[in-house]
Amino acid sequence: MPTKYDPKDTETKWYPYWTNGKFFEAEGKGEKEPFTIVIPPPNVTGRLHLGHAWDTTLQDIISRLKRMQGYDMLWLPGMDHAGIATQAKVEGKLKEEGTSRYELGREGFLEKAWDWKEEYADFIRQQWAKMGLSLDYSRERFTLDEGLSTAVREVFVSLYNKGWIYRGQYIINWDPDTQTALSDIEVDYKEVQGHFYHMKYPLKDGSGHIEVATTRPETMLGDTAVAVHPEDERYNHLIGRTVVLPIVGREIEIIADDYVDMEFGSGAVKITPAHDPNDFEMGNRHDLERVLVMDEAGTMNENAGRYKGLNRFECRTQLVKDLQDDGVLFDIEEHTHSVGHSERSGAVVEPYLSTQWFVKMKPLAKQAIALQHKEDKVHFVPDRFEKTYLHWLENIRDWCISRQLWWGHRIPAWYHKETGEMHVGHTAPSNPEEWEQDEDVLDTWFSSALWPFSTMGWPNKENPDFKRFYPTNVLVTGYDIIFFWVSRMIFQGLEFTNERPFKDVLIHGLVRDAEGRKMSKSLGNGVDPMDVIDRYGADALRFFLATGTTPGNDLRFHWEKIEANWNFANKIWNASRFALMNMSGLRYEDIYIDGEKTIADRWILTRLQETIRDVTRLMDNYEFGEVGRLLYNFIWDDVCDWYIEMAKLPLYGDDEAAKQKSRSVLAHVLEQTMRLLHPIMPFITEEIWQHLPHTGDSVTAASWPEADRTLEDAESVEDMELLKSVIHAVRNTRAEMNVIPSKEIDLQIKPQTEAEQLQLERGRSYLERFCNPGQLSIDSALTAPEKSVSHVLSGAELYMPLAGLIDLQEEIARLEKEKEKLDKEVERVQKKLSNEGFVQKAPDHVVQEEREKEKDYLEKREKVTARIQELQT
RNA sequence: GAGCCGUUAGUUCAGUGGGAGAACGCUUGCUUGACAGGCAAGAGGUCACUGGUUCGAAUCCAGUACGGCUCACCA
């Protein structure tokens with residue numbers, strides 16, 4: 001084994017071993033209890049980012065843990081066709097090739113899109129492999145594959161028949177760049193510095209005008225009314241009168257509606273029912289005409305008169321100029337307002353009158369809300385996200401699900417060419433030549449919403465996987481897609497399987513750069529997880545992702561942290577190297593840890609049991625950050641800095657039996673530790689586990705450690721405490737006095753009682769190794785030698801005669817400082833104990849602890865004081 | 001406008017009723033038979049602020065300030 005850990009060798013070796021050995025494939029039958037996770041399917045558009053790496057690392061930790069705990073673990077992989085995003089990418093590629101989807105036609109385009117999908121799916125699988133994810137590829141699914149398409153049609157038809165899916169003409173969010181409708185949540189609102197345009201619309205009879213204002217002047221071409229508040233005294237007399245719409249010349253009425261805010265602007269509003277959701281509503285109430293003034297590309301149409309052919313922004317510029325010239329537009333105000341942008345294309349979203357398909361959300365939301373009051377609700381971790389989720393559900397509006405794209409699930413609706421009659425069903429009507437299928441496809445999220453059950457064979461409820469693995473146990477995802485995905489899976493799951501689709505939802509945050517900024521293409525601050533792996537290994541990246549935060553919080557990326565985690569891997573590597581160099585062929589069946597053991601052996605075994613218990617508990621609570629810290633400190637501090645150093649005593653000694661025992665303990669501790677760490681750092685733990693004495697084919701398939709109380713030993717812990725405090729004091733003195741470790745110094749220890757006397761005698765060999773004393777005496781009758789440094793410990797006093805090195809005044813000063821510290825402690829404890837409220841009301845064990853502390857501090861202070869006096873005389 | 005989160009060592013973050021923690025960074029020393037990407041010893045914090053509850057608050061409650069996020073409105 002090389003002295004330096006090289007993750008490349010290790011990490012390329014084990015993944016094929018695991019997949020060839022089918023360690024990640026769920027059994028799908030048998031006695032084991034199933035445990036299920038479905039991956040949030042990444043888009044087939046391209047590269048995985050650090051967010052994916054984080055998300056999947058968390059899932060892999062759970063999956064590997066559960067597999068080791070004896071569950072029939074299914075972690076189901078898959079990808080999402082990602083309609084708009086993928087279509088845009090494929091179209092971009094076609095453009096480079098000098099063609100377009102229109103030239104290829106629908107069929108030809110879809111062929112290209114499927115080619116793209118195959119290529120990128122492969123790429124994504126390679127990235128998963130580099131991450132070390134324990135996915136069951138035998139069950140991989142794709143949102144557009146046949147089974148999932150069946151599920152989509154089943155859901156669509158079912159909701160349609162129930163009246164919960166409908167088609168109609170409404171104002172929707174239109175993206176003029178990609179030329180498709182969007183749902184409400186696919187619109188990002190951004191504060192934009194715009195203008196507020198004030199206009200005068202003349203009354204028809206020439207008796208004056210009414211002032212209106214708008215941020216989108218081009219919509220005035222589609223105005224069909226002006227509205228005022230019915231109780232607005234300024235305008236009462238104008239209600240019912242007619243104004244002439246400037247430029248257009250259309251006569252429109254002044255109507256009254258209490259939607260109008262009298263305080264805002266002039267108190268009069270121009271109404272454009274075809275281009276604004278509120279105006280649309282008002283139009284319905286007052287039976288107003290709807291005049292659409294632009295086409296699907298955002299280009300002004302024939303209703304815009306002489307502006308026809310200009311795009312919406314050019315039109316705005318020209319129209320403002322013309323209106324100013326006419327004196328209609330008399331004021332332009334600076335105005336910041338939020339403007340909707342397409343989440344995908346970034347285009348300014350146009351509220352647009354259009355015929356689309358919708359899901360009626362109220363009844364579905366109602367069921368989902370009701371679920372959260374029941375025992376078998378979805379548990380959000382951390383639970384504050386349940387509030388976010390419920391708030392959204394309570395205020396939900398109908399979901400626009402049709403998209404004007406080709407890459408997706410085509411809407412299963414057919415229209416009769418002659419009669420216009422509509423047919424909705426799983427298949428086309430029997431005489432297909434007379435019918436035309438709806439051109440549009442469904443929102444990608446419509447199929448993603450079915451993911452937890454459509455991937456398992458639903459709507460065939462007899463599918464063995466569906467019966468065994470659904471509902472799933474936990475879903476892991478970022479808070480940014482609670483609305484897009486989590487909520488939709490819940491209401492669809494409830495509606496179609498009568499069950500929550502997952503018991504827990506583990507929510508994590510976003511990965512940010514070192515300055516806390518979101519990683520984005522435009523900032524160029526993104527980090528490719530594959531680069532991180534190439535430089536430091538997947539284990540280092542995974543450890544970073546697992547331990548950086550607590551659930552629900554964002555994570556800042558720092559290269560230094562990744563590097564530190566590589567150091568950790570290297571530490572593990574070298575500790576194992578040491579162990580293996582000293583195993584001398586120990587076999588798994590030779591490991592024997594019962595019977596007589598050293599203090600160090602008993603202590604590390606005790607610490608191991610504690611660690612097993614804590615790690616298991618924390619894992620179950622998804623507290624991976626704590627798990628990481630615990631294992632880091634156990635391995636680095638307890639195993640490496642203390643245990644291995646102490647075990648060198650027997651290992652380098654002559655006592656064969658003692659050697660053999662320490663080998664056993666060391667092998668056992670490391671083997672168990674590799675199991676504990678395996679879910680987080682699968683590669684290095686497999687590599688080391690395979691080198692160590694072991695049984696079985698892979699640590700992946702090893703059982704999860706269980707704490708064994710018979711291996712816990714309180715005496716060893718107490719011994720270690722005292723020994724550590726002595727060693728610590730000696731090292732401290734050596735450092736202060738500049739006495740290098742290789743130089744011997746005499747050491748005199750005065751135990752307080754016989755118990756401590758025995759403890760120190762038991763640990764004598766350790767003290768000799770760690771303190772390098774010339775002479776070591778342990779004697780309760782000791783008196784302090786002249787010119788010595790002294791330390792007062794709990795249970796013992798320590799003297800180091802350092803004549804020639806010691807400066808008496810400095811030593812006195814040091815002890816004075818020590819005394820001051822003790823004074824403070826004594827004061828604090830006594831203040832507490834003299835408080836009657838405390839003694840009466842605090843739990844007994846707390847009071848008892850304080851009393852013991854008081855005793856200890858008082859004794860120490862007394863000894864320190866005595867020592868100071870000695871030195872002063 | 002409503003809601004949520006954060007504010008703890010130089011930095012990044014844990015801790016969530018009983019003596020302030022980790023990692024990295026910093027200082028000093030060390031070729032100690034696994035590791036110098038290591039070992040050892042240190043320095044460093046009125047736990048944002050103000051009240052309250054409590055025998056006891058970094059921890060619970062209310063409010064304030066600053067930073068951030070989400071939703072809604074925006075003619």
Visitor: Look at the side chain of Asn633(A) and decide which nucleotide, out of rG29(B), rA41(B), rA22(B), has an atom nearest to it.
Guide: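 My answer, after comparing the listed nucleotides, is rA22(B).
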
Visitor: Indicate the ring-plane relationship of Tyr5(A) and Trp566(A), choosing parallel, tilted or perpendicular according to the 30° and 60° boundaries.
Guide: parallel

Visitor: Can you tell me if Arg556(A) touches the phosphate of rU12(B), counting only side-chain N or O atoms and a distance under 4.0 Å to OP1 or OP2?
Guide: yes

Visitor: Under 4.0 angstrom, heavy atoms only, what part of the nucleic acid is Tyr632(A) near: base, sugar-phosphate, or nothing?
Guide: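 Sugar-phosphate contact only.
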
Visitor: Taking atom types as modelled and ignoring hydrogens, do the side chains of Lys270(A) and Thr219(A) form a donor-acceptor contact shorter than 3.5 angstrom?
Guide: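 Indeed, the side chains of Lys270(A) and Thr219(A) share at least one donor-acceptor pair under 3.5 Å.
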
Visitor: Indicate, with a heavy-atom threshold strictly under 4.0 Å, whether Asp261(A) touches base, sugar-phosphate, or nothing.
Guide: base

Visitor: Given that Ile644(A) and His558(A) both sit by RNA chain B, which one's nearest nucleotide is further toward the 5' end?
Guide: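 Closer to the 5' end of RNA chain B: His558(A).
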
Visitor: Name the closest nucleotide to the Ile740(A) side chain, picking from rG18(B), rA34(B), rC30(B).
Guide: rC30(B)

Visitor: Within the pair Asn553(A) and rA14(B), is there a side-chain N or O less than 4.0 Å away from OP1 or OP2?
Guide: yes

Visitor: Which one is paired to rG51(B), where only Watson-Crick or G-U wobble pairs with both distances under 3.5 angstrom count?
Guide: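 Check on rG51(B): paired to rC61(B), both distances under 3.5 Å.
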
Visitor: Between rA34(B) atom P and His691(A) atom NE2, what is the distance in whole Å?
Guide: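 About 18 Å, once rounded to whole Å.
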
Visitor: Have a look at Tyr259(A) and say if it touches a base, only the backbone sugar-phosphate, or nothing, with a 4.0 Å heavy-atom cut-off.
Guide: sugar-phosphate

Visitor: Give one of base, sugar-phosphate or nothing for Trp636(A), where a contact means two heavy atoms less than 4.0 Å apart.
Guide: sugar-phosphate

Visitor: For rG33(B), is there a stacking contact with Tyr652(A), counting only centres under 5.5 Å and planes under 30°?
Guide: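 Tyr652(A) vs rG33(B): stacking yes.
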
Visitor: Does any non-hydrogen side-chain atom of Arg512(A) lie less than 4.5 Å from one of Lys518(A)?
Guide: yes

Visitor: If you look at every strand shown and take non-hydrogen atoms under 4.0 Å, does Arg828(A) touch a base, only sugar-phosphate, or nothing?
Guide: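 Base, at least one base heavy atom under 4.0 Å.
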
Visitor: When you check the phosphate oxygens OP1 and OP2 of rG38(B), does a side-chain N or O of Asn567(A) lie under 4.0 Å from one of them?
Guide: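 Indeed, a polar side-chain atom of Asn567(A) lies that close.
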
Visitor: OP1, OP2 of rC39(B) versus side-chain N and O of Lys571(A): anything below 4.0 Å?
Guide: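 It does, given that an N or O in the side chain of Lys571(A) lies less than 4.0 Å from OP1 or OP2 of rC39(B).
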
Visitor: Answer with base, sugar-phosphate or nothing: what part of the nucleic acid does Gly552(A) contact at a heavy-atom distance below 4.0 Å?
Guide: nothing

Visitor: Base, sugar-phosphate alone, or nothing: which one does Glu645(A) contact when heavy atoms must sit under 4.0 Å apart?
Guide: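 Here Glu645(A) touches the bases of the nucleic acid.
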
Visitor: Using OP1 and OP2 only, check whether a side-chain N or O of Lys518(A) sits under 4.0 Å from rG68(B).
Guide: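 For rG68(B), neither OP1 nor OP2 has a side-chain N or O of Lys518(A) closer than 4.0 Å.
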
Visitor: Please state how far atom CG in Asp480(A) lies from atom C1' in rC5(B), giving the value in whole angstrom units.
Guide: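 Whole-Å distance recorded here is 15 Å.
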
Visitor: What does Thr272(A) touch in the nucleic acid at a heavy-atom separation under 4.0 angstrom: a base, only the sugar-phosphate, or nothing?
Guide: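 Since no nucleic acid heavy atom lies under 4.0 Å of Thr272(A), the category is nothing.
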
Visitor: Looking for any heavy atom pair under 4.0 Å, which part of the strands does Glu836(A) touch: base, sugar-phosphate only, or nothing?
Guide: nothing

Visitor: Which part of the nucleic acid does Val260(A) contact within heavy-atom distance under 4.0 Å: base, sugar-phosphate only, or nothing?
Guide: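 Base contact.
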
Visitor: For RNA chain B, whose closest nucleotide is more 5', that of Lys821(A) or that of Arg384(A)?
Guide: Arg384(A)

